[in-house]
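Residues take their numbers from the sequence shown, with the count starting at 1. Numbering of ligands and ligand atoms starts at 1, following listing order. Quick note: numbers below take in every heavy atom, side chains included, and nothing from hydrogens, waters or symmetry partners.
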Amino acid sequence: MPELSKMRKPDVKVVILGDMNVGKTSLLHRYMDRKFKDTMSTVGGAFFLKQWGPYNISIWDTAGREQFHGLGSMYCRGAAAAILTYDVTNWQSLAELEERFLSLTDTANNDCIYAIVGNKADLTDPQAQLLANQDGLTADQRVGDWERTGEPRVPSACPTPPASPISLSGVSVNKQVSREDAEALYGRILRYKGLEETNSLPADKMCFETSAKTGYNVDALFETLFDMVLPSVLKKRTEREGSPTVDLEECKGTGKRARAACC
Ligand SMILES: Nc1nc2c(ncn2[C@@H]2O[C@H](COP(=O)(O)OP(=O)(O)OP(=O)(O)O)[C@@H](O)[C@H]2O)c(=O)[nH]1
Ligand SMILES: [Mg+2]
């Protein structure tokens with residue numbers, strides 16, 4: 001792990017928000033460490049550093065618990081992208097994004113981009129679950145939300161756990177939020193921000209369904225966003241260095257899988 005003191009200041013900031021238990025920390029672990037790990041409910045916030053080509057991206061994980069709500073706008077300050085995360089099996093977690101988390105992004109950059117992410121797709125989507133079976137995960141790693149050990153949590157995914165791992169033929173259980181619901185929320189976010197839909201990134205590109213557990217769509221989420229924030233990175237760097245020109249080719253396709261530091 002690179003020493004933080006030797007690392008350059010991050011060029012751009014991405015923040016992940018959403019209700020407790022939706023899987024924000026798990027998504028970050030899956031992306032950064034390539035693993036689905038046991039998590040503890042986040043206290044305050046934490047950040048990860050990702051090297052993306054020649055740039056450093058800081059990704060801020062936040063706590064979904066109500067008691068840390070006051071810190072949210074601080075974590076969003078200066079963000080170039082916000083990942084608004086819900087749990088596809090929990091309708092309330094989508095509603096909370098609008099009711100509780102959207103206003104926190106008032107401190108983000110004016111040109112901040114927004115992704116709406118429905119996590120835990122492995123619980124509802126055969127394709128997302130299939131990856132788990134192909135991944136060579138152990139039965140232990142495949143256990144669901146409700147069976148994990150560690151700090152007790154209030155399970156929001158399902159009121160009652162299934163008796164056995166969900167079979168591919170029966171995975172459409174408990175899906176409470178459709179893509180259309182997420183896309184409709186994206187439209188409302190644009191309106192809240194005073195943005196025209198026609199001049200903004202389209203909803204179908206900015207709404208993702210992911211599984212931190214199987215890895216489904218996780219790389220696509222982060223890497224699509226990183227590519228989208230590059231103009232913001234370049235603008236910031238130009239402002240900082242006072243350079244009138246930037247080389248857009250410089251940042252394409254290099255070091256995409258570079259290891260990142262986290263703390
Ligand atoms: N089935 C399934 N469970 C998941 C997935 N992602 C996370 N979980 C489980 O959901 C629970 C909460 O995950 P976290 O990543 O800690 O959730 P969080 O959003 O960071 O929660 P806070 O830190 O409290 O805000 C844990 O039991 C995870 O194992 C997923 O993609 N699929
Ligand atoms: Mg967390």
Side-chain angles (χ1 to χ4, degrees), residues 15-48 59-72 75 82-90 92-94 96-97 100-101 104 116-133 135 137-162 164-167 170-177 208-222 262-263:
V15 65
I16 182 161
L17 296 169
D19 205 358
M20 63 178 285
N21 214 38
V22 297
K24 301 176 296 297
T25 304
S26 301
L27 281 169
L28 284 168
H29 284 160
R30 167 60 74 185
Y31 183 62
M32 302 298 291
D33 303 333
R34 326 303 296 165
K35 283 192 189 111
F36 183 58
K37 299 200 238 179
D38 256 1
T39 54
M40 306 265 270
S41 187
T42 304
V43 173
F47 83 98
F48 295 73
I59 315 174
W60 287 80
D61 185 18
T62 61
R65 273 195 275 167
E66 187 87 53
Q67 73 193 97
F68 298 111
H69 195 64
L71 298 172
Y75 288 118
I83 302 173
L84 297 166
T85 314
Y86 65 93
D87 170 348
V88 290
T89 68
N90 179 353
Q92 188 56 30
S93 69
L94 184 83
E96 292 286 325
L97 287 179
R100 210 150 61 87
F101 294 96
L104 299 178
I116 313 285
V117 175
N119 189 40
K120 306 195 186 179
D122 58 281
L123 296 176
T124 61
D125 178 352
Q127 238 194 319
Q129 199 206 19
L130 197 59
L131 273 176
N133 298 329
D135 245 9
L137 299 179
T138 63
D140 201 36
Q141 284 168 305
R142 277 193 219 114
V143 295
D145 206 10
W146 40 81
E147 290 177 72
R148 68 185 283 280
T149 52
E151 188 179 88
R153 286 176 174 280
V154 181
S156 66
C158 298
T160 46
S164 55
I166 299 161
S167 68
V171 289
S172 59
V173 285
N174 292 320
K175 182 155 187 174
Q176 290 192 3
V177 187
F208 297 79
E209 288 188 347
T210 59
S211 168
K213 188 171 160 191
T214 68
Y216 175 72
N217 246 352
V218 175
D219 286 353
L221 162 68
F222 285 101
C262 67
C263 67

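The pair R100-D19 meets the salt-bridge criterion, since a charged nitrogen lies less than 4.0 angstrom from a carboxylate oxygen.
Taking only non-hydrogen atoms, the option from K24, E209, M20, Q129 nearest to atom 18 (P) of ligand 1 is K24. Of the listed options M40, H29, K120, K37, K120 places a heavy atom closest to atom 8 (N) of ligand 1.
Checked against a 3.5 angstrom limit, the closest N/O atoms of G64 and ligand 1 fall inside it. At least one N/O-N/O distance between T25 and ligand 1 falls below 3.5 Å. Residue A121 has no nitrogen or oxygen atom sitting less than 3.5 Å from a nitrogen or oxygen atom of ligand 1, judged on distance alone. The distance criterion of under 3.5 Å between nitrogen or oxygen atoms is not met by D61 with respect to ligand 1.
With hydrogens and angles left out, the side-chain atoms of T25 and D61 include a donor and acceptor closer than 3.5 Å.
Contact annotation: D19 has at least one heavy atom less than 4.0 Å from an atom of ligand 1. Not a single heavy atom of Y216 sits under 4.0 Å from any atom of ligand 1.
Side-chain contact check for N119 versus K24: every heavy-atom pair is 4.5 Å or farther apart. Looking at heavy atoms from C-beta onward, T62 lies out of side-chain contact with L71 at the 4.5 angstrom threshold. Side-chain contact between K175 and E209 is present, with heavy atoms from C-beta onward closer than 4.5 Å. Counting only heavy atoms from C-beta outward, the side chains of N21 and K120 approach each other to under 4.5 Å. Contact of the I59 side chain with the M32 side chain is registered, since non-hydrogen atoms from C-beta on lie closer than 4.5 Å.
Listed by atom number, the atoms of ligand 1 under 4.0 Å from N119 heavy atoms are 5 (C), 6 (N), 30 (C), 31 (O). Atoms of ligand 1 lying under 4.0 Å from at least one heavy atom of T42, given by number and element, are 22 (P), 23 (O), 24 (O). Shown in contact with A212 at under 4.0 Å from a heavy atom are these atoms of ligand 1, numbered in order with element: 6 (N), 30 (C), 31 (O). Counting atoms of ligand 1 from 1 in the listed order, those under 4.0 Å from a heavy atom of S26 are 6 (N), 7 (C), 13 (O), 14 (P), 15 (O), 28 (C). Numbered from 1 in the order shown, with element, the atoms of ligand 1 that lie under 4.0 Å from a heavy atom of S41 read 22 (P), 23 (O), 24 (O). When each atom of ligand 1 is checked for a heavy atom of K213 under 4.0 Å away, the hits are 1 (N), 2 (C), 30 (C), 31 (O), 32 (N).
Both the backbone and the side chain of V22 come within 4.0 Å of ligand 1, judged by heavy-atom distances. The part of L123 lying near ligand 1 is the side chain, judged by heavy-atom distances below 4.0 Å. At a heavy-atom distance under 4.0 Å, only backbone atoms of A63 (N, CA, C or O) approach ligand 1. When heavy-atom distances to ligand 1 are checked against a 4.0 Å cut-off, D122 comes that close only through its side chain, counted from C-beta outward.
Annotation for R65 and T42: closest pair NH2-O, 4.0 Å, computed over non-hydrogen atoms.
Using a cut-off of 2.8 Å, one finds that T42 contributes an N/O/S atom close to the Mg ion (ligand 2). At a cut-off of 2.8 Å, M20 is not counted among the residues with an N, O or S atom near the Mg ion (ligand 2).
Atom CG of L27 is separated from atom OG1 of T85 by 6.0 Å, given to the nearest 0.5 angstrom.
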Applying side chain to side chain contact (heavy atoms under 4.5 Å, CB included) to Y216 and D122, what does each step give before you reach the verdict? CA-CA 8 Å; Y216 175 72; D122 58 281; over 6 Å; no

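Of the listed residues (F208, W60, F222), just one forms a side-chain contact (heavy atoms from CB on, under 4.5 Å) with I83, and that residue is F222. Residue L84 is tested with L104, L17, V117 for a side-chain contact (heavy atoms from CB on, under 4.5 Å); the sole match is L17.
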